[in-house]
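What follows is a set of notes on a single structure, which appears directly below.
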There are 2 protein chains.
Amino acid sequence: MNIQQLVDRGLKIKTYTKDSVIYEPGMQPRYVYFIKTGEVRMVTVSDEGKEFIQGVFKAGQHFGEPALLINRPYLAFTITNKDTQLIAVNKEDFFSLIKNEPDFSMNLIQTLSQRLFYKSMMLEELANEKADHRLLTIINYLLHDITEGENLKVTRQELADMTGLRVETVIRGVKMLAGKGLIKTVKGKIVKG
Amino acid sequence: MNIQQLVDRGLKIKTYTKDSVIYEPGMQPRYVYFIKTGEVRMVTVSDEGKEFIQGVFKAGQHFGEPALLINRPYLAFTITNKDTQLIAVNKEDFFSLIKNEPDFSMNLIQTLSQRLFYKSMMLEELANEKADHRLLTIINYLLHDITEGENLKVTRQELADMTGLRVETVIRGVKMLAGKGLIKTVKGKIVKG
DNA sequence: CACTAAATATGACACAGATCATAATTTTGT
DNA sequence: ACAAAATTATGATCTGTGTCATATTTAGTG
């Protein structure tokens, strides 16, 4: 099932401006959201206001399935990173997608597996590893998605919010890793290759 | 799909004694494991030998799907907590289960969703929260599975390995939480109610 | 019931990373 | 090309939890 097919079925496209909140912790889930254009981040926020990035979702992807499927209130905020168009698919329709479209079902299983893999990796890092190790792991993970010579389009703050560290620690850590030759930086940007 | 049906199909039951390693990090996954009897833990281990418990799986459950489904080497060890009987289902059979048994497929999706939920919760805790908060969160999570008056059958070491803390910190933390009346303990055991 | 092993407990000290303050650099918008 | 904003950078402290050492209590075994 892709976006076009959902549109063909007559589902409405909702438009959100950058930094809109789609849902927040405690809300009872009613939809799965398919992203037509734009990008969202899923973040949990501590009492002291510190953010942790649970995931980032882009055009063509969907989010919010787990809470809907196990019928539990959301744990996280989901917030648009850019102007974003979403299609909200209700519970009934989503369940029938799973039941009636084997390809979609298989795809969903693999998507969930991938997310589990990432979270397992990060849990190990947060539970057991120090700042430098955490940073190197995420950076290498993110470098997979880009080509030689390109640079990572993430700020130190975002790296901090993915690793549970503070910006200052990330800044010092990245500098140290670059010094040791474990990563390459150009004008502060982390570069692949 | 349940264990009996797998046996009926002629799949072999393999027996492992307590503390046997089923698979370890780096190995290429070939099977999904269904547990007939016993219990296994999935743990990642840091360079310094510190364990983190990624999950515990009991009779009737299966494990090892994500790595197989996305075709990536294991991140974790899986080790039996007791004498355990397993049925190893190969990739082909597992994929055909998903394709041909809609109920199994739906069930798997919900299982994966539940695991994601747990991991998201723990990531937030490890990234943003201090020892006491982490402890209270896990303890409350574990208390869900037992009835009033019963006590948690986990050691402080196991709590430590689930939260990324050290035993001593868990011991002090549990004592503190009990002192504040946030949890109840009897002879050191954490009791529900 | 005694003996042993495992789990819980407690104190003293060390240290990675948080926190706070302030500055330099790079990016963005007009 | 310039100003404002965002990001990166750096130094000085503070602090929660790790580390180490040793003791006490509880559980398990013949």
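Chain letters run A, B, ... following the sequence lines, proteins first and then strands; every chain starts at 1. What you are looking at is a predicted structure, and each value in this text was computed from that prediction instead of being measured.
- Within 6.0 Å of NZ on A:Lys50 lie more than 12 heavy atoms contributed by other residues, nucleotides or ligands.
- Distances shorter than 4.0 Å separate some side-chain N or O of B:Lys175 from OP1 or OP2 on C:dA9.
- Separating the CD atom of A:Glu129 from the P atom of C:dA16 is a distance of 15 Å, rounded to the nearest angstrom.
- No hydrogens or angles considered: a donor-acceptor pair under 3.5 Å links the side chains of B:Tyr23 and B:Thr78.
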Review point. Quick one: what's the B/S/- string for nucleotides 18-30 of chain C, heavy-atom cutoff under 4.0 Å, read 5' to 3'?
Key: SBB-----S----
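- The shortest side-chain heavy-atom distance between A:Leu143 and A:Leu152 falls under the 4.5 Å cut-off.
- Atom CD of B:Glu48 has more than 12 neighbouring heavy atoms from other residues, nucleotides or ligands inside a 6.0 Å radius.
- Ion pairing between A:Glu51 and A:Arg41 holds under the 4.0 Å rule for side-chain N and carboxylate O.
- Using bins of under 30°, 30° to 60° and over 60° for the plane-to-plane angle, the ring pair B:Phe104/B:Phe94 lands in the perpendicular bin.
- With a cutoff of under 4.0 Å to any heavy atom of chain B, the contacted region of DNA chain D is bounded 5' to 3' by D:dG16 to D:dT26.
- Between the CD atom of B:Glu48 and the P atom of C:dC15 there is a distance of 15 Å, given to the nearest Å.
- Applying the 6.0 Å contact sphere to NZ of B:Lys153 captures more than 12 heavy atoms from other residues, nucleotides or ligands.
- Residue A:Thr84 holds its OG1 atom at 11.5 Å from NZ of A:Lys58, rounded to the nearest 0.5 Å.
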